[in-house]
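Given the structure is predicted, the values throughout are model-derived calculations rather than measurements.
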Amino acid sequence: MKASLDPVQTLHEEPAEAEVVSHRLMLRAGLVRKLAGGVYSYLPMAVRVLRKVETIIRQEMNAAGAQEVLLPALQPSDLWEKTGRWQAYGPELFRLSDRHERAFALGPTHEEVITDLVSQLIRSYRQLPFLAYQIQTKFRDERRPRFGMLRGREFIMKDAYSFSASEEDARRIYARMQETYARIFLRLGLEHRMVEADSGLIGGNLSHEFMVMADSGEDTVMTCEKCSWASNVEKAPDAKVCPVCGFMLASRTAIEVGHVFYLGHKYSDPMGSTFLDSAGKEIPFFMGCYGIGVSRILAAAIEQSHDEKGIIWPVSMAPYRATVLSLGPGMGERREVLGLLETMETLWPGEIYFDDREIRPGMKFQDADLRGIPFQIILGERHVEKGDGEVKIRLTGERLVLPLKEIPALLSARVQGILSES
RNA sequence: CGGGGCGUGGCGCAGCCUGGUAGCGCACCUGCUUUGGGAGCAGGGAGUCGAAGGUUCAAAUCCUUUCGCCCCGACCA
């Protein structure tokens, strides 16, 4: 991608509407624009990040035996009445009527829809277990949308639902999802903890949250400084030491990015969603559900990884792997520069953002730092003349000057190192 | 929903108290110079002052209503 063809500009001034750092940086870096309170348009760079996050989620969900579906956002009220949530969900549920005055909701979650669907598909224990997931826009009329992407009224979520023939099997899948989630957040390069949690409105009696550690998080978790134990502060209000290893606990703020629930019969029972077990007896599905806030992950990643100059994307979700900055008039057309671009494109197809604009170098440096692409390849007169180029690592600020020909190999090795750690 | 704040070119703001031709910075367009950390000079385009109603010879400014946005608090991916 060439910057000269990119219609999205960065903002040099702080947007007045944004307070939290992720929101400010997302606006300044040209990732999103607000349409209404808690409702945002995703610009091209943000979509690239979303796709990368989604790809990792899909790979891990598929590896865990889940199958992808896509359920309707528009849901008739009668399904919700069956589970009692048409009333219980309250004003957070977006409600609307069609032209025949039939009531609908915009789905904030999909337990009702998937349960209804699966009860049509599955009649025998022989067809179980079944694990389905989707990645889709959800709607919640939040009492107070805030913090930009962190709490919107419309957001992208990966939600998964499991259907089992026994509680033991359902718990097995629950445990597998816990492992899957840990892998997903590890691959995304996010420091996180799994904590025991309350299950809230979704229901059930077993639930864990996945928290990304960040100074500006909405949640507070107690974390052991020695082992991996952590708990939601509501679950461990007076604990001073770790119940596992006895070490000191610390209170840290975090952002909830994932939540897994064991549901049991909470939805299958009221919806009459049953199968025949091996004894020929009709019993309700044993269910679980598993959510990840996909759009929230973008904001959480920025909250966790930024500095005063801008975003520092983890390599796994960066919109581009590398950005090439040509400095000075005509530099963008130099043979050496075009040659390097071609090699880089071969190495990482579609992953190079070329800042070919005829603007002052300082402007390019500022924008590159703001956008947070992991590797900057800086090509200025004094180095290119000698056949060299400079590589700047956004995370560490490290700068290396080396022959242009060696740059692809260096970057390739660096990325291998980073991605193999996870 | 309770409390607080703000709506003025794309963005950030001044002007409002004390009514009288709508301004500044950034961004944008043209030209010349400049080119390794947000360039300089000259010229230029762009605003129903959130909306409605009222007061007045005259309203961005005063009054009323209303909508929107942000921040702080009250069972949230």
Can you tell which of C11(B), G37(B), C28(B) lies closest to the side chain of Q9(A)? C28(B)
D141(A) has an atom CG; how far is it from atom C1' of C1(B), in whole Å? 12 Å
Counting Watson-Crick and G-U wobble pairs only, both distances under 3.5 Å, name the nucleotide matched with C16(B), or none. none
Quick one about S4(A) and D356(A) (side-chain donor to acceptor, distance below 3.5 Å, no hydrogens or angles considered), yes or no? yes
Does U55(B) pair with anything, Watson-Crick or G-U wobble, both distances under 3.5 Å, and if so, with which nucleotide? none
Nearest to the side chain of E13(A) - G38(B), G25(B), C71(B)? G25(B)
For the pair D159(A) and Q136(A), evaluate side-chain hydrogen bond (donor to acceptor under 3.5 Å, both in side chains) and give the outcome as yes or no after the intermediate values. CA-CA 8 Å; D159(A) 48 325; Q136(A) 182 212 44; over 6 Å; no
Does A18(A) reach a base, just sugar-phosphate, or nothing at all? Heavy atoms under 4.0 Å. nothing
Taking atom types as modelled, find out whether H259(A) and E256(A) have a side-chain donor-acceptor pair closer than 3.5 angstrom. yes
Both Y40(A) and R28(A) contact RNA chain B. Which one's nearest nucleotide lies toward the 5' end? R28(A)
Select base, sugar-phosphate, or nothing to describe what R144(A) touches, counting heavy atoms under 4.0 Å on all strands. base
Who is the Watson-Crick or G-U wobble partner of G10(B), with both distances under 3.5 Å? C26(B)
Is F365(A) stacked on the base of G38(B), with ring centres under 5.5 Å apart and planes under 30° apart? no
Answer with yes or no whether the side chains of Y181(A) and H208(A) bring together a donor and an acceptor at under 3.5 Å. no
Do Q304(A) and H192(A) have a side chain donor and acceptor closer than 3.5 Å? no
Would you mind classifying the nucleic acid contact of E14(A) as base, sugar-phosphate or nothing, using non-hydrogen atoms under 4.0 angstrom? sugar-phosphate
Under a 3.5 Å cut-off for both contacts, is G45(B) paired Watson-Crick or G-U wobble with anything, and if yes, with which nucleotide? none
Separation between the C1' atoms of G4(B) and G9(B), rounded to whole Å: 29 Å
Could you verify whether a donor N or O on one side chain and an acceptor N or O on the other, from Y40(A) and H23(A), lie under 3.5 Å apart? yes
Give me the distance, rounded to whole Å, that separates U65(B) from G19(B) when you measure between the P atoms they each carry. 22 Å
Of the nucleotides G38(B), U35(B), A77(B), which one has an atom closest to the side chain of R296(A)? A77(B)
Of the nucleotides A77(B), C71(B), U35(B), which has the atom closest to the R140(A) side chain? A77(B)
Report the distance from atom CD of E142(A) to atom P of C75(B), rounded to the nearest whole Å. 12 Å
What does V257(A) touch in the nucleic acid at a heavy-atom separation under 4.0 angstrom: a base, only the sugar-phosphate, or nothing? sugar-phosphate
Could you check whether G152(A) gets within reach of a base, just the sugar-phosphate, or nothing at all, counting any heavy atom under 4.0 Å? base
Check: F163(A) ring centre within less than 6.0 Å of F286(A) ring centre: no
Spacing between Y89(A) atom OH and C75(B) atom P, to the nearest angstrom: 14 Å
For D159(A), report the nucleic acid contact type (base, sugar-phosphate, nothing); a contact means any heavy atom under 4.0 Å. nothing
Tell me what I135(A) touches on the nucleic acid: a base, only sugar-phosphate, or nothing, going by heavy atoms under 4.0 Å. nothing
Which is true for F210(A) with a 4.0 Å heavy-atom rule: it touches a base, it touches only sugar-phosphate, or it touches nothing? nothing
What is the nucleic acid contact for G291(A), judged by heavy atoms within less than 4.0 Å: base, sugar-phosphate only, or nothing? sugar-phosphate
For C62(B) versus G15(B), give the span between their C1' atoms, rounded off to a whole number of Å. 16 Å
To the side chain of Q366(A), which of C72(B), U35(B), G37(B) is closest? G37(B)
Any-strand Watson-Crick or G-U partner of G37(B), both distances under 3.5 Å: none
Using the C1' atom on both, measure G47(B) against U33(B) and round to a whole Å. 32 Å
Hey, which of these two, P15(A) or R382(A), hits RNA chain B nearer its 5' end, going by closest nucleotide? P15(A)
Atom pair distance, as rounded to whole Å: CD in E17(A) and P in C70(B): 7 Å
In whole angstrom, give me the gap between the P atoms of U18(B) and U8(B). 23 Å
With a 3.5 Å limit on both atom pairs, tell me what U21(B) is paired to, counting Watson-Crick and G-U wobble, or say none. none
Taking atom P in both C71(B) and C13(B), what distance in whole Å separates the two? 14 Å
Looking at the side chain of M363(A), which of A39(B), G36(B), C26(B) is the nearest nucleotide? A39(B)
Closest to the side chain of H383(A), out of G36(B), C69(B), U35(B), is G36(B)
Regarding S207(A) and Y262(A), is there a side-chain donor-to-acceptor distance under 3.5 Å anywhere? no
Out of G73(B), C26(B), A77(B), which nucleotide sits closest to the side chain of H12(A)? C26(B)
Does H259(A) put a side-chain nitrogen or oxygen below 4.0 Å from OP1 or OP2 of A77(B)? yes
Touch check for K34(A), heavy atoms < 4.0 angstrom, all strands: base, sugar-phosphate only, or nothing? sugar-phosphate
Take atom CG of D219(A) and atom P of A77(B), then tell me their distance rounded to the nearest Å. 9 Å
Any side-chain N or O of R143(A) under 4.0 Å from OP1/OP2 of C75(B)? yes
Length of the line joining E19(A):CD and C70(B):P, which is rounded to integer Å: 12 Å
For L327(A), answer base if it contacts any base atom (sugar-phosphate contacts may also be present), sugar-phosphate if it contacts only those atoms, and nothing otherwise; contact means non-hydrogen atoms under 4.0 Å. base
Can you tell me how far C1' in A27(B) sits from the matching atom in G12(B), rounded to whole Å? 11 Å
Starting at CG of L325(A) and ending at C1' of G37(B), how long is that distance when rounded to a whole Å? 11 Å
Taking atom types as modelled and ignoring hydrogens, do the side chains of E209(A) and N232(A) form a donor-acceptor contact shorter than 3.5 angstrom? yes
Applying a 4.0 Å non-hydrogen cut-off, can you work out what I359(A) is touching in the nucleic acid: base, sugar-phosphate, or nothing? base
Would you call the rings of Y320(A) and Y353(A) parallel, tilted or perpendicular if under 30° counts as parallel and over 60° as perpendicular? tilted
Please work out if E256(A) contacts a base, only the sugar-phosphate, or nothing of the nucleic acid, heavy-atom cut-off 4.0 Å. sugar-phosphate
G36(B) P sits how many Å from R360(A) CZ, rounded? 7 Å
For a quick check of understanding: with a heavy-atom distance under 4.0 Å over all strands, which category does E390(A) fall into, base, sugar-phosphate or nothing? base
In the strands shown, is C69(B) matched to any nucleotide by a Watson-Crick or G-U wobble pair with both distances under 3.5 Å, and which? G5(B)
P gap between G53(B) and G43(B), integer Å: 41 Å
